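On a predicted model such as this, the values are computed, not experimentally measured, just so you know.
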Amino acid sequence: MVVNLYSKVDCPLCEKAKAVLQELQKEYDFQINEIDIYSDDALLEKYQLMIPVVEIDGEEIDYGMIQKEIVRKRLLRELNS
């Protein structure tokens, strides 16, 4: 499974989100695909005020202050389906 993390450079919240995902990787088998929103104008327009954004299977799970429990619940649902 791949978890997308939409972020940008020099973003403290993005670093915190990445740390949360890395902690969850110790419990669950998934890859983190970090995507810089400045690499794509459409992403920049869509996520500019929301980042970081965590997306699993095309669904935006959480954004801003990423909460470990919200992401954990969604990972469990994905892994058990």
Side-chain angles (χ1 to χ4, degrees):
M1 177 183 7
V2 176
V3 174
N4 289 327
L5 173 62
Y6 295 97
S7 64
K8 69 177 185 177
V9 177
D10 295 328
C11 168
L13 276 180
C14 299
E15 291 304 316
K16 286 181 182 177
K18 189 174 181 179
V20 166
L21 292 177
Q22 288 170 334
E23 286 175 30
L24 287 167
Q25 275 185 316
K26 295 173 185 171
E27 301 172 43
Y28 307 102
D29 183 28
F30 66 92
Q31 294 178 333
I32 300 170
N33 179 29
E34 192 168 1
I35 303 163
D36 184 347
I37 63 168
Y38 283 91
S39 65
D40 182 318
D41 288 342
L43 291 176
L44 179 59
E45 187 174 329
K46 183 174 182 179
Y47 294 125
Q48 187 170 2
L49 300 175
M50 293 173 64
I51 62 162
V53 176
V54 174
E55 178 188 80
I56 299 174
D57 197 27
E59 180 186 343
E60 293 168 8
I61 306 306
D62 202 5
Y63 65 92
M65 287 292 293
I66 302 301
Q67 297 177 48
K68 191 179 202 177
E69 285 309 308
I70 290 174
V71 178
R72 177 183 277 128
K73 283 180 186 176
R74 185 58 177 81
L75 282 170
L76 282 170
R77 196 170 80 209
E78 188 71 22
L79 292 169
N80 291 329
S81 61

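If you chain together hydrophobic residues whose side chains sit under 4.5 Å apart, V54 and L75 fall into the same group. I56 and M50 end up in different hydrophobic clusters when Ile, Leu, Val, Met, Phe, Trp and Tyr side chains are linked at under 4.5 Å.
Within the 4.5 Å cutoff, no side-chain heavy atoms of L13 are placed close to those of I51. Within the 4.5 Å cutoff, side-chain heavy atoms of I66 are placed close to those of V71.
Here side-chain hydrogen bond (donor to acceptor under 3.5 Å, both in side chains) pairs that include residues 1-19, with residues two or more places apart or in two chains, are N4-N33, N4-E55, Y6-E55, S7-E34, K18-E34. For residues 14-70, the pairs satisfying disulfide bond (SG atoms under 2.5 Å apart) are C11-C14, with sequence neighbours left out.
Remark: Q67 pairs with D62, I70 by the side-chain contact (heavy atoms from CB on, under 4.5 Å) rule, at least two apart or across chains. Shown here are the side-chain contact (heavy atoms from CB on, under 4.5 Å) partners of Q31, two or more places apart in sequence or in another chain: V2. Scored by the side-chain contact (heavy atoms from CB on, under 4.5 Å) test, R72 finds L24, E27, Y28, K68, E69, L76 as partners (sequence neighbours excluded). For K46, the salt bridge (charged side-chain N to carboxylate O under 4.0 Å, His left out) partners two or more places apart in sequence, or in a different chain, are E60.
Closest heavy-atom contact between Q48 and I37: CA-CD1, 4.0 Å.
To the nearest 0.5 Å, atom CD1 of residue I35 and atom OH of residue Y47 are 8.0 Å apart. The structure places CD of Q22 at 5.0 Å from CD1 of I32, a figure rounded to the nearest 0.5 Å. Note that CG of D36 is 10.5 Å distant from CG of L5, once rounded to the nearest 0.5 Å. In this structure, CZ in R74 is found 4.5 Å from CD1 in I61, a value given to the nearest 0.5 Å.
Around the CZ atom of F30, the shell of radius 6.0 Å holds more than 12 heavy atoms that belong to other residues, nucleotides or ligands.
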